[in-house]
Number of protein chains: 2
Amino acid sequence: MSKSNIVTPKRTRGDGANRIFNILREEILSMQLSPGHPVDEVGLAERFGVSRSPVREALVRLAAQGLVSTLPNKSTIISPLNIEEFPQYIDALDLLQRATHRLAAILRTDEDLANIDLCQQQFAQAVEDGDVVAMIERNQAFHMAIANASRNSYLGKSYSRLLDEGRRILRLYFRSYNDTLPPELVVEHDHIIAAIRSQDADLAERLAHEHSIEVKTRFLEYMATSHTSGIKVS
Amino acid sequence: MSKSNIVTPKRTRGDGANRIFNILREEILSMQLSPGHPVDEVGLAERFGVSRSPVREALVRLAAQGLVSTLPNKSTIISPLNIEEFPQYIDALDLLQRATHRLAAILRTDEDLANIDLCQQQFAQAVEDGDVVAMIERNQAFHMAIANASRNSYLGKSYSRLLDEGRRILRLYFRSYNDTLPPELVVEHDHIIAAIRSQDADLAERLAHEHSIEVKTRFLEYMATSHTSGIKVS
DNA sequence: AAAGTAAATTTAGTATACAAACTGTATTCA
DNA sequence: TGAATACAGTTTGTATACTAAATTTACTTT
C-alpha cells in the first residue's frame, strides 16, 4: 500500500457520471446551487476534468429526480422550488410518514432499533453543534432508518423521494430557528423511538403526524412573519 | 403541404431520446420486453436509426424509473419484477389510492369530473372489446384523472410512479381473467365516480380501498392456484 | 429612432471514435 | 484431466467532433 493515492483519487471507470451526480445532488439539496440558476455543461465538464458525456448523464439523472429542469434546446437550470406548494408537500409527507412509522412500530427488528438509535445519536450531535446542514441530513437518515424498518420498499422509496425533494424547503424551514437549534427536536425523535420500541403502532403514527404538523405550523408562521412590518412607510 | 413526410416521420432535433424513451417504456410496461432480458445499445441504435447517444440517454432515464437495471460495466437488463413483493406493493398503492381519491372527492371541479368521465368511457370500451393491454392503460388513466383532481402534485406523482411500476404486475393480474373481462370492473369505477361527484370523501376512500383489496385478493388467489395439481406424480 | 431582418455566436443534441473492463475460449502447465 | 493464465472479442463508459436550434448583435429600412 505504498502507492500514493493522494494525487489520483481513484478515477475508476464507470464512476464518473455517478460521482458528478452525487456531488451535484448534494450541492443542489444543500442550496449551494440556488434554484433557477442555469447549469453549464462545459463548465461542469471542465470543473470535474471530464468530457460532456458523463456530465450529461448526471444531468439526465438529476432531471429524472426533478432536481434540475431541462428546457428543450435551451439551458438546464436548477429546479426552482415553488414554496406555494408547501402545504401540499407536507400533506404528502405526513401521509407517508405516518404509514412508514406505523408499520415500523409493528415490524421493527432489534437490528432496526439499533440503526435508528445510531441515527438519532448523530442527529442529536448535529443539533448540539448547531450544524444545520448536518442536522437536516441526519434528520433524513433518522426517518429513513425508520422507514426501512417498515419493510415496504415501495412506501420507503416514495417517502425517501419526498424527503429528498423537500430537503431544500426544509433548509428554509430550519432557518426559522435562526441557527439555534432547540433540543425539543431531539426529544420528539426520542418519543417516536420509544413508541417504535414498545411496538405501539397508534402512538408511533400519532407522533409522526404531530411531528409533521408541527413542521407545517412553524414554517407557515415563519413565512407569515413580515420582516418589514416594523418599518413606517407613511 | 405537398412535402412528402411519409418517409421522414418528422425527426425533429431534441426529440430522439424522448421518442426512444417513450417507445421503450411502453414496450417494457406492456411486457413486450420481458423482465431480465438484456438490452443491447447498438441494437437499439440501429433499430431507431440513431447513434448510441440518444439510446443511452433513454436508458439512463428508464433506469431512473427502475424500468431497467444497469449493472456497471456490464449489460443493462429489463428490470425483473419481484412478485414476492406484491402484497407490499398493494399496501403502498392502496394508501396512495385512498388518499388521492379522498382528496379528489373533496376538491374536484366540474372539469375534473368531465375528465374522469371521459377516461371511464374509454376504459369501458376497452373492457367491452376485451382488449387487456388497452384496458390497463385506460384503468391507469382513469385513476390518474382522479389523482389529478386531488390537487396535490406530490401525492399524484408518487401514485403515478406506483401505478407505472405496477403495470407489469397488473398485466399478470389481469391474466387471471383469461381475457374475458367482467363488467364488474366498470361498475366499481362507476361507484367511485358517483362518490366523487357527490363529494362523499369517506365513501370515495372506502371504495378505493375495496378496489385495491379486491385486486390483492384476486391476484393472490390466482397465484395460489396450482396448475399442476391435477397431475399425478406418484 | 424604432422595428424588423439577417448574420454571427453560443449551446444543446447527436454522431463517431477511442479506451477500459468484462466474457469466454483456448492453450499451457501441473 | 483439471486448473490457471493469457489472448481475443464484445460491450460499456468517455472523449471528441459535428450539426442544428435559439439567442444575440448588428445592420438595414421605413
Side-chain angles (χ1 to χ4, degrees), chain A residues 3 5 7-25 28 33-80, chain B residues 3 5 7-25 28 33-80:
Chain A
K3 191 195 293 180
N5 49 2
V7 183
T8 314
K10 281 276 188 283
R11 287 216 34 208
T12 71
R13 173 195 175 76
D15 193 42
N18 241 311
R19 201 175 106 249
I20 297 170
F21 171 78
N22 285 321
I23 294 176
L24 287 182
R25 181 168 167 280
I28 294 172
L33 295 172
S34 40
H37 199 261
V39 179
D40 181 25
E41 290 183 3
V42 288
L44 289 175
E46 283 170 11
R47 173 182 160 197
F48 291 109
V50 295
S51 77
R52 274 176 59 214
S53 302
V55 171
R56 218 134 195 299
E57 176 173 337
L59 289 182
V60 168
R61 286 169 56 187
L62 288 171
Q65 297 209 355
L67 293 180
V68 302
S69 309
T70 101
L71 326 179
N73 277 325
K74 292 204 310 192
S75 79
T76 65
I77 60 172
I78 309 295
S79 291
Chain B
K3 193 195 292 177
N5 49 3
V7 183
T8 314
K10 281 275 187 283
R11 287 215 35 208
T12 72
R13 175 192 177 76
D15 193 41
N18 240 311
R19 200 176 107 249
I20 297 171
F21 171 77
N22 285 320
I23 293 177
L24 287 182
R25 181 169 168 279
I28 295 172
L33 295 172
S34 41
H37 200 261
V39 179
D40 180 26
E41 290 183 3
V42 288
L44 290 175
E46 283 169 11
R47 173 180 160 198
F48 291 110
V50 294
S51 77
R52 273 177 58 214
S53 302
V55 171
R56 217 133 198 297
E57 177 173 335
L59 289 181
V60 168
R61 286 168 57 188
L62 288 171
Q65 298 208 355
L67 293 180
V68 304
S69 310
T70 101
L71 326 178
N73 278 326
K74 292 203 310 191
S75 78
T76 64
I77 59 171
I78 309 294
S79 291

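Lettering of chains follows the sequences in order, A, B, ..., and the numbering in each one begins at 1.
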Which nucleotide in the list [options] gets nearest to the side chain of [X]?
| X | options | answer |
| --- | --- | --- |
| A:K74 | C:dA12, D:dT23, C:dA15 | D:dT23 |
| B:P54 | D:dG13, D:dT23, C:dA15 | C:dA15 |
| A:S75 | D:dT16, C:dA12, C:dA15 | C:dA12 |

Assuming nearest nucleotide by heavy-atom distance, tell me which of A:A17 and A:P72 is located more 5' along DNA chain D.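 Whichever sits nearer the 5' end wins; that is A:A17.
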
From B:N18 atom CG to B:E57 atom CD, the distance as rounded to the nearest 0.5 Å: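 Taking CG in B:N18 and CD in B:E57, the distance rounds to 7.5 Å.
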
Let me confirm one number: the CG-CD1 distance from B:L67 to B:I78, rounded to the nearest 0.5 Å.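 Reported value, rounded in 0.5 Å steps: 8.5 Å.
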
What is the separation between atom [atom1] on [X] and atom [atom2] on [N], rounded to the nearest whole Å?
| X | N | atom1 | atom2 | value |
| --- | --- | --- | --- | --- |
| B:R56 | D:dT14 | CZ | C1' | 9 Å |
| A:L71 | C:dT11 | CG | P | 14 Å |
| B:E41 | C:dT16 | CD | C1' | 14 Å |
| B:N18 | C:dG13 | CG | P | 10 Å |
| B:R19 | C:dT14 | CZ | C1' | 13 Å |
| B:E46 | C:dA15 | CD | C1' | 14 Å |
| B:D15 | C:dA12 | CG | P | 18 Å |
| A:L44 | C:dA12 | CG | C1' | 14 Å |

Hey, does A:T70 reach any base, or is it just sugar-phosphate, or nothing, if we go heavy atoms under 4.0 Å?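 It contacts nothing in the nucleic acid.
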
Does the side chain of [Y] come within less than 4.5 Å of [X]'s, by heavy atoms?
| X | Y | value |
| --- | --- | --- |
| A:I20 | A:V50 | yes |
| B:L24 | B:L59 | yes |
| B:I28 | B:H37 | no |

Looking at A:S51, I'd like to know whether one of its side-chain N or O atoms comes within less than 4.0 Å of OP1 or OP2 on D:dA15.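 Yes, within the criterion.
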
Assuming nearest nucleotide by heavy-atom distance, tell me which of B:R52 and B:E57 is located more 5' along DNA chain C.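 It is B:E57 whose nearest nucleotide is closer to the 5' end.
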
